[in-house]
There are 2 protein chains.
Amino acid sequence: MKVIENQDLSEIIKLLDTIRDIRKVMRTHFQKKMKEHDIDVTIEMLEVLYILWEKDSINQQEIVDRTNRNKASITSLIDNMTRRELVQRNADPNDRRNNLVALTPEGKKYQKKLKPLLEEFYTSFQVDISSKDMHSALGVLEKIYQKLTG
Amino acid sequence: MKVIENQDLSEIIKLLDTIRDIRKVMRTHFQKKMKEHDIDVTIEMLEVLYILWEKDSINQQEIVDRTNRNKASITSLIDNMTRRELVQRNADPNDRRNNLVALTPEGKKYQKKLKPLLEEFYTSFQVDISSKDMHSALGVLEKIYQKLTG
DNA sequence: AATAAATAGTTTTATATTAAACTATTTATT
DNA sequence: AATAAATAGTTTAATATAAAACTATTTATT
């Protein structure tokens, strides 16, 4: 999406384009790494697993809040994870509106297998950039995000 | 996806998380703006429109290359755009493998309507950041991208 | 000329995403 | 106690995405 009417604008456009490209390459790169190790887990599922490894048996709303996704999106993600027997939904005796999402033994087992892979995955994104520049870049992105979300 | 084993790693993770968040907020922000103006075009369709406004009647492969998307993804996107009568597929007499994607009169008309909106949209991402910092941020992102794509 | 390799596009299958309308349950208000 | 408002989750319908297997056509190789 290249609009070149305005010098300042073209910078932000380039930034947003690059953001899209990185996001994409990140996903495919992850999928490839998982396939190499015969693991059938998407990056989105992993994100939920990570949350559960830290604190098991939380309701879907908490997952919604922590992953910054839509309710319906989490419903479907938990469906898929349940089908793969990574998690299960349990009733909450204290509040019948809640679904408590809990790791299955299978889901727990993955923790040991996935954590080192994850570290590898993220390491592959590390580039020869000073901590100062990295901080500054993060600052720019966070400002943009803040601008749009308040 | 918060992994905190390693100081350096946590920086890149935060950066990637923020990238995801911006990408998402960007999409919903765009969708909202279009809805305000009663325009039924997704951000992905707009990207294709932009390419065609510049150079009409190109084959799908060129759209694939320029948008950095999968063939199948473009097939389906052009399907949807055809259904909305924004573009049409024409046969290429010189090479029968090609589909030449061309703007309809409707698709051309949108140009006048959308360009100012687009500028507004991108302007809303502009933040109080020096050109130097913006450049530096872009440099960091491009390095990461290069790292993974060669 | 015949065959192999490359290129353009589609279909299939599966995942993820979200807005909107919905059900069920709990909490707040009158 | 009855009603309204808020909260948790699902369903539906639509879009986007991409890997893999496929068809059709063109180009390169033998």
Side-chain angles (χ1 to χ4, degrees), chain A residues 20-21 23-36 39-48 57-84 86-101, chain B residues 20-21 23-36 39-48 57-84 86-101:
Chain A
R20 204 208 64 199
D21 292 344
R23 180 67 193 146
K24 195 184 124 185
V25 85
M26 187 175 154
R27 218 176 172 280
T28 50
H29 183 63
F30 177 84
Q31 241 42 300
K32 207 188 291 173
K33 192 157 221 56
M34 289 304 112
K35 202 169 182 185
E36 273 170 27
I39 298 176
D40 185 23
V41 170
T42 66
I43 196 168
E44 290 81 10
M45 290 176 184
L46 183 70
E47 201 172 349
V48 173
S57 203
I58 56 179
N59 71 1
Q60 294 187 195
Q61 187 57 46
E62 191 165 341
I63 298 174
V64 165
D65 295 338
R66 293 199 45 191
T67 59
N68 195 24
R69 281 190 177 80
N70 183 288
K71 277 163 165 305
S73 185
I74 293 302
T75 293
S76 126
L77 191 53
I78 299 299
D79 283 350
N80 288 337
M81 292 179 78
T82 302
R83 212 172 303 131
R84 279 174 176 64
L86 294 167
V87 300
Q88 62 186 60
R89 287 178 168 101
N90 298 323
D92 182 349
N94 297 10
D95 188 335
R96 290 196 300 169
R97 291 171 303 183
N98 288 344
N99 275 342
L100 297 180
V101 179
Chain B
R20 202 208 66 199
D21 291 345
R23 179 68 192 147
K24 195 183 125 186
V25 87
M26 187 175 152
R27 219 179 170 279
T28 49
H29 183 62
F30 178 84
Q31 241 42 302
K32 209 188 289 173
K33 190 155 223 56
M34 289 305 112
K35 203 169 182 185
E36 275 171 27
I39 297 176
D40 185 22
V41 170
T42 66
I43 197 167
E44 290 81 8
M45 292 177 183
L46 184 68
E47 200 172 350
V48 173
S57 202
I58 55 179
N59 70 0
Q60 292 187 197
Q61 188 56 47
E62 191 166 340
I63 298 174
V64 165
D65 295 338
R66 293 198 47 189
T67 59
N68 196 24
R69 283 190 176 80
N70 183 286
K71 278 162 164 305
S73 186
I74 293 302
T75 292
S76 127
L77 191 52
I78 300 297
D79 283 350
N80 287 338
M81 291 179 79
T82 302
R83 212 173 303 128
R84 278 175 176 65
L86 294 167
V87 299
Q88 62 186 61
R89 288 177 168 104
N90 298 322
D92 182 349
N94 297 13
D95 188 336
R96 290 197 298 172
R97 289 171 305 183
N98 288 344
N99 275 341
L100 296 180
V101 179

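Letters A, B, ... mirror the listed sequences (proteins, then strands); counts begin at 1. Quick caveat: nothing in here was measured; it's all calculated off a predicted structure.
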Could you give the CD-to-P distance, from A:E44 to D:dT17, as a whole number of Å? 14 Å
Can you tell me how far CG of A:D95 sits from CG of A:N59, rounded to the nearest 0.5 angstrom? 8.5 Å
Please check if the side chain of B:R23 supplies one atom and the backbone of A:R23 the other of a donor-acceptor pair under 3.5 Å. no
Could you list the residues that satisfy side chain to side chain contact (heavy atoms under 4.5 Å, CB included) with A:T82, not counting sequence neighbours? A:I78, A:V87, A:R89
Output the rounded distance in Å from CG (A:D40) to P (C:dT15). 8 Å
May I have the distance from B:N99 (atom CG) to C:dT7 (atom P), rounded to whole angstrom? 18 Å
Contact under 4.0 Å: B:Q60 side-chain N or O vs C:dT7 OP1/OP2: no
Check whether any side-chain heavy atom of B:L77 lies under 4.5 Å from a side-chain heavy atom of B:V48, and answer yes or no. yes
Find the distance A:Q61:CD to D:dT10:P and express it as a whole number of Å. 11 Å
Any side-chain heavy atom of B:R69 within less than 4.5 Å of one from A:R20? yes
Strictly below 4.0 Å: does A:K24 bring a side-chain N or O up to OP1 or OP2 of D:dA18? yes
Do B:R66 and B:I58 come within less than 4.5 Å of each other through their side chains, counting heavy atoms only? no
Sub-3.5 Å donor-acceptor pair from the side chain of B:S76 to the main-chain atoms of B:A72, do we have one? no
Residues in side chain to side chain contact (heavy atoms under 4.5 Å, CB included) with B:D65, at least two apart? B:Q61
Give, ordered by number, those residues of residues 74-82 of chain B having at least one heavy-atom distance below 4.0 Å to an atom of DNA chain C; if nothing qualifies, reply none. B:T75
For a 4.5 angstrom cut-off between non-hydrogen side-chain atoms, does A:E44 reach A:M81? no
B:H29 NE2 to C:dA19 P: how many Å, rounded? 14 Å
Assuming nearest nucleotide by heavy-atom distance, tell me which of B:L100 and A:R27 is located more 5' along DNA chain C. B:L100
Run the numbers on A:D40 and A:M34 for side chain to side chain contact (heavy atoms under 4.5 Å, CB included), then give the verdict. CA-CA 7 Å; A:D40 185 23; A:M34 289 304 112; over 6 Å; no
What's the closest nucleotide to the side chain of A:S73 if the choices are C:dT10, C:dT15, C:dT18? C:dT18
Give one of base, sugar-phosphate or nothing for B:R23, where a contact means two heavy atoms less than 4.0 Å apart. nothing
Pull out every stem in DNA chain C, meaning runs of 3 or more consecutive Watson-Crick or G-U wobble pairs with both distances under 3.5 Å. C:1-30 with D:1-30
Is the shortest side-chain N/O distance from B:N98 to OP1 or OP2 of C:dT7 below 4.0 Å? no
To the nearest angstrom, the CD-P distance between B:E62 and C:dA8 comes to 10 Å
Sequence neighbours excluded, which residues qualify as side chain to side chain contact (heavy atoms under 4.5 Å, CB included) partners of B:R96? none
Go through C:dT10, C:dT18, D:dA16 for me and flag the one nearest to the A:R69 side chain. C:dT18
Side chain to side chain contact (heavy atoms under 4.5 Å, CB included) between B:M26 and B:I43, intermediate numbers included: CA-CA 9 Å; B:M26 187 175 152; B:I43 197 167; 4.2 Å; yes
Each nucleotide of nucleotides 19-29 of chain D classed B (base within 4.0 Å of a protein heavy atom), S (only sugar-phosphate) or -, in 5' to 3' order, makes BS----BS---
d(CG, B:D65; C1', C:dG9) in whole Å: 13 Å
Hey, does the side chain of B:R89 come within less than 4.0 Å of C:dA8's phosphate (OP1/OP2), counting only N and O? no
Separation of C:dT7 atom P from B:D92 atom CG, nearest Å, is 17 Å
